[in-house]
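Below is one structure; the comments refer to it alone.
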Protein chains: 2
Amino acid sequence: MATINDVARAAGVSPSTVSYVLSGRRPISAQTRERVQAAIAELGFHPHAGARALASSRTNVLALVVPLRTDVNVPVIMQFATAVVTASRTHNHDVLLLTKDEGTAGLERVAHSTMVDALIVMDVERDDVRIQALRRLKQPSVLIGLPEDPAGIVCVDLDFEAAAAEALRHLAWHGHRKVALVGPSPAVYKRGTTYAERFLTGFTIGSAELGLETMTHPCEPDREGVRACLADIDAQLPGVTALVVHNEEALRMVLEELQASGRRVPADISVVAVCPRDVALNMPLPLTSVDIPAHDVGGLAVATAMKLLDGRPTEPVRLLPPTLVERDSTAPPAVTAG
Amino acid sequence: MATINDVARAAGVSPSTVSYVLSGRRPISAQTRERVQAAIAELGFHPHAGARALASSRTNVLALVVPLRTDVNVPVIMQFATAVVTASRTHNHDVLLLTKDEGTAGLERVAHSTMVDALIVMDVERDDVRIQALRRLKQPSVLIGLPEDPAGIVCVDLDFEAAAAEALRHLAWHGHRKVALVGPSPAVYKRGTTYAERFLTGFTIGSAELGLETMTHPCEPDREGVRACLADIDAQLPGVTALVVHNEEALRMVLEELQASGRRVPADISVVAVCPRDVALNMPLPLTSVDIPAHDVGGLAVATAMKLLDGRPTEPVRLLPPTLVERDSTAPPAVTAG
DNA sequence: CCGCTTCGTCGAAGCGCTTCGACGGCCTCC
DNA sequence: GGAGGCCGTCGAAGCGCTTCGACGAAGCGG
C-alpha cells in the first residue's frame, strides 16, 4: 500500500503538501495540485483510515443503531437503514451497524474507542435508557423517533400526530363520520414506541376537532388478529365507513378480510393507510396513504448529524410534515338508509 | 479520554505492559495484571480504535455488503445481516455496512483505506464483476452465495440444489407424482442470482431421479402474477398434486389463491415452502418447509472470515445441508378417479 | 557456585497521517 | 524602492497504540 510519503516523493513535494491537496485546508498552486493528484492516481493511494483518525480525531464513520427484533416492520427499518447509508456516503461517511440489543454498552464502546464521529439511533422508546448514555458521550447523536425527554439530543421523525390528523381530515372531507383506527400490535404499544402513541394522540385530537365518532384498536398482524380486530370494530362502532390502518403487516390482510366480508373498498368502506409509498402502491388496489418517508427521515438524520459535527446550529426536534396522497381506496361513504 | 499512558501511570507500569495486559501476547504477573485492570476500570479506558489499527494493522471491523434493491426479499436479507452482526460481536468485531450499489468502488475504498479486516458480500450474481475486485484486495473475503467461478474466494451458502431435491423427495415419499415449482420472480433469474438457478437445477435433477412429472414456473409476487402462475401450472400439468414454493413474497398469496380456487391444503394439494422457519410458521397453517438458515449462514460466514484472518485452513466452498421439517401442509395426494 | 534459560517488565521505534509554525518569494502600496 | 502582506510550501511534532529487542531477576542443572 502506498503511503502519503510515497505520493510526496513521486510528486516531488513534501507529505504535508499532499495532505493539503487532499484536505484543501491550505491553498495549493494548480501545478502542484495536479502533480500530486497524478501521483495519487498512479500509485492508487488511499489514505489509511486509522492513521487519519488518529491524527485528525475524525473517523468519517457514523454509527447506526437498528432494532433487530422482528415485531417491528422489517422492510421499513431497512428503508431507513439504506437511506442513512446512502446519505452518509454523499457526506463522505461510512456507517457502522450496531444492533439495539447491545444496548448502552454498544454505544459506549464505539464512542469511547473513537470509532465513530456521531451516532444515529432508531426505534427509541418512551424513556429509553440509552438516551442518558448518549448524553454522556462526546460524540453527538441524532434520534430517529421522539422520546419522552429529548433534552440535549436532536430528534428527527415524521410528525405522526399530524399524520393522523391529516388522515382524518381527508376522510371527514369525503363526508365520513364514523372512523376506526387499526393500530400496530399491542406489543408495539407496550414497548413504549412513541410513534404509535403519537399517532394515537393525533387521532384522538383530530377526531374531537372534527367531531367524528371514532374508535381505536391495536391489531396483531396475523389472520386471526385481523379478524378479531375488524369484528371488534364492527361491534363497537356499527356502521363504520372508514378505516385508518397504521400497521403495514396487517394491511393486506385487512383488505382481504374486508373483501371476504363482502365489503368493497372504497364503495362500502374507505381505507387510509399509513405506510411507505411503495407499500401503498403494491396492494391489490392503490391505497390512499399518508407516506412514511423513510428516505427523507434517514437523509435528514444524517444531514443533522453533519450539522452537529460542523458546529452549525440545529433545531432540537424536527418533525417532517406528513403528505397524504389520495389514490383508489377512499371515496365518500355509501348513502344508507337510517 | 484516558490514554494508555494515563493507565500506565496510574498503575505504575510502562505503557507496553498495559498493552500486553490487554492483548495477552506476553506473560504478565497476576499482581501487575490486576493493578492494570483496576486502573483501566477506574479511568474508563478504551483503546483508541484508530491508533490501534495504525499500530497493529488490524481494525476489528468487517465489511458487510448488502443489496438494497427491493426485489429481493427484505426480511431475509435483514436476517442475514443481523446474524452477521451478532456473530461478529462474539468475535470482537464490528460491522461496516456497505450497499451493493456502490459496487466495486465501495469494496476498494474500504479495503484500500484499511477500514476493515475482511469483507462479507451478499447477493452475488453469476459472474459478478465484484469478484475480480475482491481477488485483488489484500483483505480476505467471504461470499454468501455461489458465483460461476469462485476460484480464490471462499463461499458459504445453503445447498439449494440439495434443498430442491429434499423437497421433492419428501413429496415423492408421500406418493406425489406431479409436482410444480413456483419459483422467484423472473427478475431474480434474469439477474443471474445463483441460488435461484441452483434450486432449479436441483429440482430438475431430483425430478428426473425420482421419475416425477414436473414443471417449473417463475412467479411475480403480486396477486395477478400468482394467479397467472397457478393457471399456467394447472394448464400445463393438469392434475398437479403438490407445489414447491421458492418465493417468500408470493407464498401467502399462493395459499390464498389455492383456497380461492376451492383446493384445500394439504387435502387437495400439498405445499412445500422454501423459506426461513418463522415465515413458514407465520402462515395461516404451519407449512412443511425447507429452512433457509440465515442465522447459520451468516454465522458461518463470519466464522470463516475469522479463520482466514488467523491463517487457518478453510474449505473454499461450504454449502450447508438443507433441513426439511414436515408440518401441516403436506400429505399424500387425494385418490382420484382416472 | 556459575552459566544458561525463562519470566516479567521496560524503553523506544515506528505505524501513516494532520497540523502548526516558519519561511522564502512575489506582489502591492505608499 | 523598501516595508508589509499574502501565497505556497516545507519540516517537525505529535495523535495513541503495538511490538521488538533488551535487560535484570529468578530458577535450574551440572
Side-chain angles (χ1 to χ4, degrees), chain A residues 1-37 39-40 43-61 92 109-117 138 309, chain B residues 1-37 39-40 43-61 92 109-117 138 309:
Chain A
M1 286 290 85
T3 75
I4 202 171
N5 290 295
D6 301 331
V7 175
R9 210 172 306 127
V13 299
S14 81
S16 53
T17 301
V18 177
S19 178
Y20 287 123
V21 167
L22 250 25
S23 70
R25 289 187 185 282
R26 285 203 180 170
I28 297 288
S29 71
Q31 256 194 23
T32 308
R33 194 183 319 122
E34 276 157 31
R35 279 220 315 287
V36 169
Q37 275 160 349
I40 290 178
L43 298 176
F45 167 71
H46 289 246
H48 186 292
R52 184 168 254 192
L54 179 56
S56 68
S57 19
R58 275 292 224 116
T59 62
N60 279 39
V61 174
N92 199 27
R109 183 168 49 80
V110 299
H112 288 154
S113 59
T114 326
M115 301 183 77
V116 301
D117 293 336
K138 65 169 186 243
L309 288 175
Chain B
M1 283 293 82
T3 75
I4 201 173
N5 290 294
D6 300 332
V7 175
R9 209 171 307 126
V13 299
S14 81
S16 52
T17 301
V18 177
S19 179
Y20 288 123
V21 167
L22 249 24
S23 70
R25 288 187 186 285
R26 286 205 180 167
I28 297 288
S29 70
Q31 255 195 22
T32 309
R33 193 182 319 123
E34 276 158 31
R35 278 221 315 287
V36 169
Q37 276 160 348
I40 289 178
L43 298 175
F45 168 70
H46 289 248
H48 185 293
R52 183 168 253 193
L54 180 57
S56 67
S57 18
R58 277 290 225 120
T59 63
N60 278 40
V61 175
N92 197 27
R109 183 169 49 79
V110 299
H112 289 154
S113 58
T114 325
M115 300 184 77
V116 301
D117 293 336
K138 65 169 187 241
L309 288 175

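A, B, ... follow the sequence lines: proteins, then strands. Residue 1 opens every chain.
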Residues in salt bridge (charged side-chain N to carboxylate O under 4.0 Å, His left out) with Arg25(A), at least two apart?
none

For residues 45-54 of chain A, which side-chain donor-acceptor pairs fall under 3.5 Å, sequence neighbours excluded?
from	atom 1	to	atom 2	distance (Å)
His46(A)	NE2	His112(B)	ND1	3.4
His48(A)	ND1	Gly50(A)	N	3.0
His48(A)	ND1	Ala51(A)	N	3.0

With sugar-phosphate meaning primed atoms plus P, OP1 and OP2, does Val13(A) contact a base, only sugar-phosphate, or nothing at under 4.0 Å between heavy atoms?
sugar-phosphate

DNA chain D contacts among residues 44-60 of chain A, heavy-atom distance under 4.0 Å
Leu54(A), Ala55(A)

Applying side-chain contact (heavy atoms from CB on, under 4.5 Å) to Asp117(A) and Arg58(A), what does each step give before you reach the verdict?
CA-CA 6 Å; Asp117(A) 293 336; Arg58(A) 275 292 224 116; 3.4 Å; yes

Axis-to-axis angle across the helix from dC1(C)-dG30(D) to dC30(C)-dG1(D), five pairs an end, to 10 degrees?
30°

Which pair of non-hydrogen atoms, one from Ala8(B) and one from Ser14(B), has the smallest distance, and what is that distance?
CB-C, 3.7 Å

Specify the residue among Ala30(A) and Ser16(A) whose closest nucleotide of DNA chain D lies further upstream toward the 5′ end.
Ala30(A)

Residues which pass side chain to side chain contact (heavy atoms under 4.5 Å, CB included) with Thr32(A), listed by chain and number, not counting sequence neighbours
Val13(A), Thr17(A), Ile28(A), Ser29(A), Val36(A)

Do the non-hydrogen side-chain atoms of Val61(A) and Val110(A) ever get within less than 4.5 Å of each other?
no

Atom pairs, N/O to N/O, protein against nucleotides 23-28 of chain C, distance under 3.5 Å?
none

Only counting residues at least two apart or in another chain, list the ones meeting salt bridge (charged side-chain N to carboxylate O under 4.0 Å, His left out) with Arg109(B).
Asp94(A), Glu102(B)

For Arg35(A), what residues pass the salt bridge (charged side-chain N to carboxylate O under 4.0 Å, His left out) criterion, not counting sequence neighbours?
none

Taking C-beta and beyond as the side chain, do Thr114(B) and Ser57(B) meet within less than 4.5 Å on heavy atoms?
no

Side chain to side chain contact (heavy atoms under 4.5 Å, CB included) involving Asp6(B) - partner list, sequence neighbours excluded
Ala2(B), Thr3(B), Arg9(B), Leu43(B)

Which part of the nucleic acid, if any, lies within reach of Arg26(B) when heavy atoms closer than 4.0 Å are counted: base, sugar-phosphate only, or nothing?
base

How would you list, by chain and number, every residue that makes a side chain to side chain donor-acceptor pair (under 3.5 Å) with Asn60(A), sequence neighbours excluded?
none

Using heavy atoms to find the nearest nucleotide of DNA chain C for Thr17(B) and Tyr20(A) separately, return the residue whose nucleotide is more 5′.
Thr17(B)

Return the set of residues passing side chain to side chain contact (heavy atoms under 4.5 Å, CB included) with Gln37(B) (not counting sequence neighbours), or none when no residue passes.
Val21(B), Arg33(B)

For Asn5(A) and Pro15(A), work out which heavy atoms get closest and say how close.
OD1-CG, 3.3 Å

Under 4.0 Å from a heavy atom of chain B: give me the 5'-most and 3'-most nucleotides of DNA chain D that qualify.
dG16(D) to dA22(D)

